[in-house]
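Labels below follow one simple rule: chain letters A, B, ... track the order of the sequence lines, proteins then strands, and each chain is numbered from 1.
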Number of protein chains: 2
Amino acid sequence: MGRPGLNRSAVIAAAADLADEMGFDAVTISVLARHLGVRSPTLYSHISGATDLRTAVTAYVLDELADTTSHAMAGEGRDLLVAYADAIRDFARRSPGRYDATTRQRIPPTSDPAAEIPASVAAAITAGRRNADLALTVVRSYGIAETNETYAVRLMSSLIHGYITLEIAGTFAHSEPPSEATWPEVLDDLDRTLTRIAAAQRH
Amino acid sequence: MGRPGLNRSAVIAAAADLADEMGFDAVTISVLARHLGVRSPTLYSHISGATDLRTAVTAYVLDELADTTSHAMAGEGRDLLVAYADAIRDFARRSPGRYDATTRQRIPPTSDPAAEIPASVAAAITAGRRNADLALTVVRSYGIAETNETYAVRLMSSLIHGYITLEIAGTFAHSEPPSEATWPEVLDDLDRTLTRIAAAQRH
DNA sequence: ACGAATTGCCTAACAGTTGTAGGAAACCTA
DNA sequence: TAGGTTTCCTACAACTGTTAGGCAATTCGT
């Protein structure tokens with residue numbers, strides 16, 4: 001039934017690829033349409049507007065990231081931490097536009113019960129939770145108790161995300177040693193801290 | 001000589017205020033012009049375009065941040081770290097649009113010697129270095145040797161910036177305890193790590 | 001094989017934004 | 001009061017986001 005052509009998934013995937021080439025902000029409806037060989041209004045058959053497109057890309061990319069990360073995760077404790085953090089960093093360096101999408105798109109608070117939640121927002125929330133669960137897995141593998149879980153996840157996420165963000169922004173490019181060299185040290189110190197948190201609770 | 005009216009500084013300061021009200025991305029030439037009670041082309045007498053405006057706001061805000069932070073810095077070691085980190089976090093929470101400006105604006109690498117560097121870009125680089133020097137001051141107060149200075153600054157900056165970014169993005173809003181409660185713990189662990197780095201070098 | 005429903009894509013058109021060009025008005029100084 | 005300087009304006013061109021309505025291609029039921 002109907003004529004075959006673009007579909008929503010193809011449009012979103014193309015947008016994610018474009019984001020890696022030109023930056024997340026540069027992915028406009030017009031640019032994306034030109035890249036796909038159609039006129040701008042055509043895309044409105046597949047997406048409901050620019051913000052829907054961005055949110056959908058965010059959800060799509062968050063799912064990709066969770067897939068990649070969970071596939072790379074193996075071992076326990078320090079090994080698991082390194083596998084987890086390297087997977088995220090590799091993803092961000094390989095696909096900076098995609099990584100940007102995971103952070104740049106602000107999901108409004110769900111406090112308003114009357115407001116209808118668009119499907120793309122719901123998908124982004126679900127995919128975000130998938131990634132949060134992976135972080136939780138790493139922390140739990142250190143034997144950190146439930147009381148400290150949230151804290152440990154926030155500490156670990158902040159450090160990993162912060163380092164990757166500043167690294168991609170070029171903040172580390174103007175001083176020695178190269179960013180590549182200090183990353184393992186960061187993970188070493190993060191490992192020590194997570195170990196300390198786990199040890200401190202079994203008094 | 002000449003008719004008094006807007007000048008470049010007033011335009012940039014107004015843009016920074018607007019960023020706090022509506023978000024950094026929402027500050028367009030047209031919106032800013034309307035807010036200042038003039039027509040859009042008028043602004044081109046004071047700024048050379050949209051990217052120049054954004055870069056100039058970044059430089060302006062980086063200077064404000066360095067002023068605020070250096071004014072708040074006092075003490076040594078842990079006290080200094082807390083004063084430094086709290087100043088940045090308070091700034092970011094009080095002025096989220098301004099804080100966004102410090103990170104969202106990408107300064108291209110200065111590798112090309114033939115390219116002329118616009119004044120706003122040079123100002124942003126200088127202001128960025130001011131902030132980097134403040135971070136260095138904190139690290140040095142721990143007695144960390146020059147060999148480890150860069151590493152310690154990267155670690156500290158990544159953690160502080162990452163936590164603030166995720167906090168403002170609302171990532172911590174959906175779990176207990178409140179973000180307010182885990183921040184001091186983060187600084188505690190950061191203090192321990194900086195102390196360890198300092199201790200490890202005098203073997 | 002044919003009609004009908006379905007679906008994809010198009011043109012036309014409008015509002016809003018960025019940016020350029022050139023001119024008129026307001027102000028300070030002499 | 002005249003000159004020079006600077007501010008601000010209107011007019012215009014190009015591009016992006018978005019809506020409305022229509023043509024055309026494909027698939028399904030018969």
query: Given dC8(D), dC10(C), dC9(C), which nucleotide is nearest the side-chain atoms of Leu6(A)?
result: dC9(C)
query: What one-letter contact string describes nucleotides 15-22 of chain D from 5' to 3', where B marks a base within less than 4.0 Å of any protein heavy atom, S marks contact via sugar-phosphate atoms alone, and - marks no contact?
result: -SSBB---
field: Aromatic ring proximity, centroids under 6.0 angstrom, Phe172(A) and Tyr163(A)
entry: yes
message: In this structure, how many angstroms lie between the P atom of dT11(C) and the CG atom of Leu43(A), rounded?
response: 14 Å
- prompt: Does one side chain, of Tyr44(A) or Asp52(A), offer a donor that lies under 3.5 Å from an acceptor on the other?
  reply: no
Side-chain N or O of Thr42(A) closer than 4.0 Å to phosphate OP1/OP2 of dG8(C): no
- request: Give a yes/no on whether any side-chain N or O of His46(B) is located under 4.0 angstrom from OP1 or OP2 of dT6(D).
  value: no
- prompt: Over how many whole Å does the gap from Asp25(A) atom CG to dT17(C) atom P extend?
  reply: 17 Å
query: Just checking, any donor-acceptor pair under 3.5 angstrom between side chains of Thr195(A) and Arg78(A)?
result: no
query: Can Ser40(B) and Arg34(B) be counted as having a side-chain donor-acceptor contact under 3.5 angstrom?
result: no
query: Between atom CZ in Arg8(A) and atom C1' in dT7(C), what is the gap in whole Å?
result: 17 Å
- prompt: Is it true that the NZ or CZ of Arg98(A) lies under 6.0 Å from the centre of Phe91(A)'s six-membered ring and within 45 degrees of the ring axis?
  reply: no
query: Rounded to the nearest Å, what distance is computed from the CG atom of residue Asn7(A) to the P atom of nucleotide dC9(C)?
result: 9 Å
query: With distance as the sole criterion, is a donor-acceptor pair present between the side chains of Ser141(A) and Glu76(A) under 3.5 Å?
result: no
